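Note that the structure is a prediction, hence the values are computed from the model and not measured. Atoms within a ligand are numbered from 1 in the order they appear, just like the ligands themselves.
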Amino acid sequence: MQTSHFAPRNFLPETIDLTDTAKLAPVFDQLEAQLDRAASAADLEAWLRNHSEVCAALAESSSLTYIAMTCQTDDPEREKAYLHIVEVVDPWLKPRQFALMRKLAQSPFFSQLPPFYGVYRRSVETQVRIYREENVSRETEVAKLAQQYQKISGAMTVRFDGQEQTLARMGRIQEEPDRPRREAAWKAVAERRLQDAEKLEELFDQLLGLRNAIAHAAGFPDFRAYTFANYERFDYTPEDCLRFHEAIEHHVVPLTRELQEERRRKLGLDRLRPWDLAVDPDQNPPLHPFAESSELLEKCQQIFGKLDPRLGDYYNVLRKQELVDLDNRKGKAPGGYQSTLSEARVPFIFMNAVGVHRDVETMLHEAGHAFHALAARALPLHAYRSAPIEFCEVASMGMELLAAPHLGAFYSKQDAKRARRDHLEGIIKFFPWMATVDAFQHWIYTHPGHSRAERAARWLSLMDRFGGAEDWSGFEQARAHVWHRQLHIFEIPFYYVEYGIAQLGALQLWQASRRDLPAALDHYLAGLSLGGSRPLPELFRTSGLAFDFTDQTIAPLMGKVKDALLELAA
Ligand SMILES: [Zn+2]
């Protein structure tokens, strides 16, 4: 990594140890005193610049520690440094930061800040309004229970192929052509999950009780209303989400069922069973896009350069400053992510490339997030240099779609078509599942006191409404508990619909690029450059996209996806 600060520090000492709370205390004392002294809106603006500088430095320190740890999880020093941030620095910072926010909101000059600070002001006011001292211990309890969920699910293994297997590894068997083997693997996993079903129901009931208590203490009628405020969803309501579910039911579910019917026909089956849903219906071997991660980097450079020289330049920053760690190796944390070094104001991409198509998708996706960080880097307020998830994922999911026509850099014509088809099918299939998970939570948190049987019945009715036509007979218990697999329901309630909202933006961007690519890219970059400085509808509008999740947007988009799938099948 070769980075330097984007702007010189004006407030924070250059050499301060940002992981030492004894050194941080005087910095926060000083920020508090300066806030007390503020005698005009201009003073507050000056204060915000200092505070922003401190926030950026702290965020970068935390990101660097996290990156170091995930790049080598078997190094005890790195683990220790990371745990120090989580267990010592963050818990110390939270109340100090909140005290500053409260003071800021109470300042008589707060409402006189220029319009530029409108979005920030709205966010601070909300945080202060919903904060309750008594909820802090409840939240700690929730976090502990959520960790229990991870522990219970992480400990699930089955014996298969003569050895103990994780469920993630078992999932891969679902892509193999041997049907009896898929069936046996699927059944083994379903049985294993059911063993812990009661434990998870019990855990969820505890979470439910705590969450309802948090909402009531903060003065909200239910946890849904509380969460919409807590997530700062200023620009859409629960009712909008319910309408979104309906639009998916009417315009996406029929398409997913058509695709399933095609799958059934291709596989030559009378009826699909739950273990027939992940295998390639044409029985093709997996795609093999590259051998070395250097090749992945090089070919993506070509793709982005071809798409737009500005994107090519952005991508080159990652390469030149060595802001990537791509290869899978022993000791590295799983998965992929993009992180931002907030003081250097540059992105970092982490992944575990092994030469499969998923790696290409991950790179294109994370590159979209990286472009977002670079496009917004000149904004003066740290809080504005990142955007709400509903728009962040437009940057990344949109980039997957914009780059798709250039997959020829990795594949033959035939394989590129297959990759694009799989991608579009995956997008379509996501919507009904998202609606199922989201609608379930809307019901749960607006029906306090429901019984477990009522909860299961509700889930099953949603599976009927949004699910496929595969035959579950003989596995009714497993079907009633499928939601236990979705960690969001346990750990980050109501957090999932964001991906659906963003995907609609991404699909609109894709359509715009087919009409006029240079104009679509101009809009895309203009939207990204706003960071989080404007409300969601404006971020969408600037990018040339409608912030709308009704039939009006979804119906025509699904028509286009269907056309594209037919084109790619030809
Ligand atoms: Zn993402």
Side-chain angles (χ1 to χ4, degrees), residues 59 62-63 66-67 70 231-233 296-297 300 303-304 307 311 314-315 317-318 323-326 332-342 345-353 356-377 384-404 407 419 422-424 426-431 433-434 437-438 486-488 491-492 494-510 513 524-525 527-532 536 539-540 543 545 547 549:
S62 165
S63 299
Y66 180 73
I67 290 168
T70 52
Y231 287 0
E232 303 185 4
R233 291 180 178 173
L296 172 65
L297 209 54
C300 285
I303 290 178
F304 292 126
L307 257 182
L311 297 181
Y314 279 161
Y315 195 74
V317 171
L318 290 168
L323 299 164
V324 292
D325 190 323
L326 305 181
K332 210 169 155 179
Y337 64 80
Q338 183 269 328
S339 174
T340 302
L341 308 182
S342 306
R345 304 191 197 172
V346 291
F348 176 86
I349 293 181
F350 173 98
M351 56 189 279
N352 279 281
V356 297
H357 180 63
R358 181 94 197 94
D359 298 334
V360 177
E361 285 177 347
T362 303
M363 178 55 100
L364 299 175
H365 181 98
E366 303 305 342
H369 287 310
F371 299 157
H372 207 173
L374 287 167
R377 70 194 303 216
Y384 278 177
R385 293 196 287 270
S386 56
I389 311 279
E390 293 91 337
F391 188 68
C392 285
E393 294 296 326
V394 174
S396 55
M397 292 170 167
M399 192 41 66
E400 291 180 50
L401 284 160
L402 290 181
L407 283 174
D422 284 354
H423 182 209
L424 289 176
I427 291 174
I428 297 173
K429 280 192 258 178
F430 172 74
F431 282 108
W433 176 248
M434 182 282 287
V437 169
D438 197 49
Q486 192 70 39
L487 90 115
H488 298 73
E491 297 189 15
I492 13 183
F494 286 106
Y495 183 108
Y496 210 47
V497 71
E498 285 94 337
Y499 291 106
I501 295 171
Q503 194 62 268
L504 289 180
L507 287 171
Q508 291 181 66
L509 180 71
W510 169 60
S513 77
Y524 173 79
L525 285 170
L528 264 52
S529 72
L530 291 176
L536 265 179
L539 298 178
F540 272 69
S543 310
L545 315 169
F547 183 71
F549 23 108

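- H365 contributes atom NE2 as its closest N/O/S atom to the Zn ion (ligand 1).
- Judged purely by atom type and a 3.5 angstrom limit, N352 has no side-chain atom pairing as donor or acceptor with the backbone of G336.
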- request: Take D325 and F348, measure what side-chain contact (heavy atoms from CB on, under 4.5 Å) needs, and give me the verdict at the end.
  value: CA-CA 8 Å; D325 190 323; F348 176 86; 3.9 Å; yes
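- Using modelled atom types and a 3.5 Å distance limit, the side chains of E498 and Y231 yield no donor-acceptor pair.
- In summary, an N, O or S atom of E393 is located under 2.8 Å from the Zn ion (ligand 1).
- Here the side chain of D359 pairs a donor or acceptor atom with the backbone of V356 at under 3.5 angstrom.
- The Zn ion (ligand 1) has an N, O or S atom of H369 closer than 2.8 Å.
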